[in-house]
Amino acid sequence: MLTHSIMLVFSYLIDRFVGDPRSLPHPVIYIGKGISLLEKLIRKFFHDERKLKVVGLLFPIVIVGLTYLLTVTILIIAHQINNWLAICIEIWLISTTIATKGLADAGREVYKPLQEKDLPKARKSLGMIVGRDTDFLDENEISRGTIETVAENIVDAIISPLFFALIGGAPLAMAYRAVNTLDSMVGYKNEKYQNLGWASARLDDVCNYIPARITAVLILAACWIVRLDIRAAWSSIKNDAKLHPSPNSGIPEAAVAGALGIQLGGTNYYNGMVSHRAKMGVPKRNIEANDILHTIKIMHISSMIGLIIFFILSIFMTAYVY
């Protein structure tokens, strides 16, 4: 009865302290290759934008469906060989859908050169994790971009995959990772993908809807534990999160902004094109590089609280089934 609960814990801990070793193949790489291959095939046979909007439904159906079925097949075969082997494989697969260590490491890779006043290196490190132009950003803007990325991905990279692993184990967690990868590759509202990628972007919004609101509660709990401004965090969630273009990403960003007493959002540039994002949080002070570390701390504590809650829920769910 405890197997499912323990798998969640071990998956989280493996990601938290080991991460994704480069020596092991990462499933997301193959999901990405599948997306690229499918896009090439679609664009080879369909050119009319109206048809592309209909064909865009193939991305979620094919990529997400195949990811789920392939994961189920792997686990069934593993169970036929040895139950412990299947459990180990499932733990590893779930761990690959989480990115706690990778996210924290990426944030620190920007923080370190900022501390050393090496802005070119900090800009380069930030450019590895964001889509915006970073070549001319100052320390404040570099820090803002890093904080926004870490905060936003508390949902996408931690709570959502844990949530779906709780409901459906590795198959559903992997299916969610396929949804998230689709959104990051084709879910753009630009001329190239506004029709082809609309279904992928919409599905990502739907999948993250509940986890994003769970994350809001978890961040508020983390604020209470580390004595940050929980009232300001809640106020920012209520007033500012809805201003974000995403129905989900604005929630953790607004919460972190309020908790730290800073303001996120503002003007970004993408390939030289200006993009104005709504500002979130009441600025009680300027953003500092140390706020990156504060955000990572919020991420770690909120995710640990989430893991504990999911662990308890998993026990009750398993007990109910049996």
To the nearest 0.5 angstrom, please state how far the CG atom of L243 sits from the NZ atom of K279.
-> 12.5 Å
Option among L182, V55, L66, I63 that satisfies the side chain to side chain contact (heavy atoms under 4.5 Å, CB included) test with L38 = I63
How about T100 and D15: does a side-chain donor come under 3.5 Å of a side-chain acceptor?
-> yes
Compare every heavy atom of A257 with every heavy atom of M280, then report the nearest pair and how far apart it is.
-> O-CB, 3.4 Å
Side-chain donor/acceptor of E90 to backbone N/O of A170, under 3.5 Å | yes
Determine whether more than 12 heavy atoms belonging to other residues, nucleotides or ligands lie under 6.0 Å from atom CZ of R231.
-> no
Should H276 and T267 be marked as a side-chain hydrogen bond (donor to acceptor under 3.5 Å, both in side chains) after you check the CA-CA gap, both sets of side-chain angles, and the distance that decides it?
-> CA-CA 5 Å; H276 297 291; T267 302; 3.1 Å; yes
Output for pair (I6 CD1, L13 CG), nearest 0.5 Å, gives 11.5 Å
Check the side chains of Y193 and S200 for a donor-acceptor pair under 3.5 angstrom, ignoring hydrogens and angles.
-> no
Determine yes or no for a side-chain-to-main-chain donor-acceptor pair under 3.5 angstrom, with S236 supplying the side chain and A254 the backbone.
-> yes
Would you indicate whether the side-chain heavy atoms of Y188 and K192 approach each other to under 4.5 Å?
-> no
Side chain N208, main chain N248, donor-acceptor under 3.5 Å = no
Say you draw a straight line from OG of S303 to CD1 of I98; how long is it, rounded to the nearest 0.5 Å?
-> 9.0 Å
Residues 53-95 vs ring-ring contact (aromatic ring centres under 6.0 Å, His included), sequence neighbours excluded, gives none
Does the distance from a Lys or Arg side-chain N to an Asp or Glu carboxylate O, for R285 and D291, drop under 4.0 Å?
-> yes
List the steps, then state whether salt bridge (Lys or Arg N to Asp or Glu O under 4.0 Å) holds for E39 with R43.
-> CA-CA 6 Å; E39 181 180 354; R43 292 191 182 279; 3.0 Å; yes
Under the 3.5 angstrom rule, does the side chain of Q263 hit a backbone N or O of G281 as a donor-acceptor pair?
-> yes
Check for a donor-acceptor pair, side chain of R227 on one end and backbone N or O of C223 on the other, with a separation under 3.5 Å.
-> no
Could you tell me whether a side-chain N or O of T215 sits under 3.5 Å from a main-chain N or O of P211, the two making a donor and an acceptor?
-> yes
If you measure from the Lys or Arg side-chain nitrogens to the Asp or Glu carboxylate oxygens, is any gap between D105 and R108 under 4.0 Å?
-> yes
Would one find more than 12 heavy atoms of other residues, nucleotides or ligands at under 6.0 Å from atom CG of L41?
-> yes
Between CZ on residue R123 and CG on residue L137, distance to nearest 0.5 Å = 7.0 Å
Short side-chain donor-acceptor distance under 3.5 Å, H244 and S249 | no
Walk me through it: do Y111 and S125 pass the test side-chain hydrogen bond (donor to acceptor under 3.5 Å, both in side chains)?
-> CA-CA 9 Å; Y111 171 76; S125 296; over 6 Å; no
Can you run down the ring-ring contact (aromatic ring centres under 6.0 Å, His included) pairs that involve residues 140-182, sequence neighbours left out, and say none if there aren't any?
-> F164-Y176
Can you find a heavy atom in the side chain of R144 that is under 4.5 Å from one in the side chain of N268?
-> yes
Would you call I147 and H294 a side-chain contact if the rule is heavy atoms closer than 4.5 Å?
-> no
Check step by step if salt bridge (Lys or Arg N to Asp or Glu O under 4.0 Å) holds for D229 and K284.
-> CA-CA 11 Å; D229 196 337; K284 299 177 181 177; 2.9 Å; yes
Got a sec: does the CG of N140 have more than 12 other heavy atoms crowding it under 6.0 Å?
-> yes
Less than 4.5 Å apart, any side-chain heavy atom of L75 and any of I89?
-> yes
Any side-chain heavy atom of F311 sitting closer than 4.5 Å to one from L8?
-> no
Any ion pair linking K121 and E109 (charged N to carboxylate O, less than 4.0 Å)?
-> no
Do S314 and I312 have side-chain heavy atoms sitting under 4.5 Å apart?
-> no
Minimum side-chain heavy-atom gap V179-D183 below 4.5 Å = no
Heavy-atom count around N82 CG within 6.0 Å, excluding the residue itself: above 12?
-> yes
Can any side-chain N or O of W198 pair as donor or acceptor with the backbone N or O of K53 at less than 3.5 Å?
-> yes
Is there a donor in the side chain of S235 and an acceptor in the side chain of N239, or the other way round, less than 3.5 Å apart?
-> yes
CZ of R177 to CG of L172, rounded to nearest 0.5 Å, is 12.5 Å
How about R16 and H300: do any of their side-chain heavy atoms sit closer than 4.5 Å?
-> yes
For Y269, does the OH atom have more than 12 heavy-atom neighbours from other residues, nucleotides or ligands under 6.0 Å away?
-> no
Looking at CD1 of I298 and CD1 of I154, how far apart are the two atoms once the value is rounded to the nearest 0.5 Å?
-> 7.0 Å
Ion pair E148/R132, N-O distance below 4.0 Å | yes
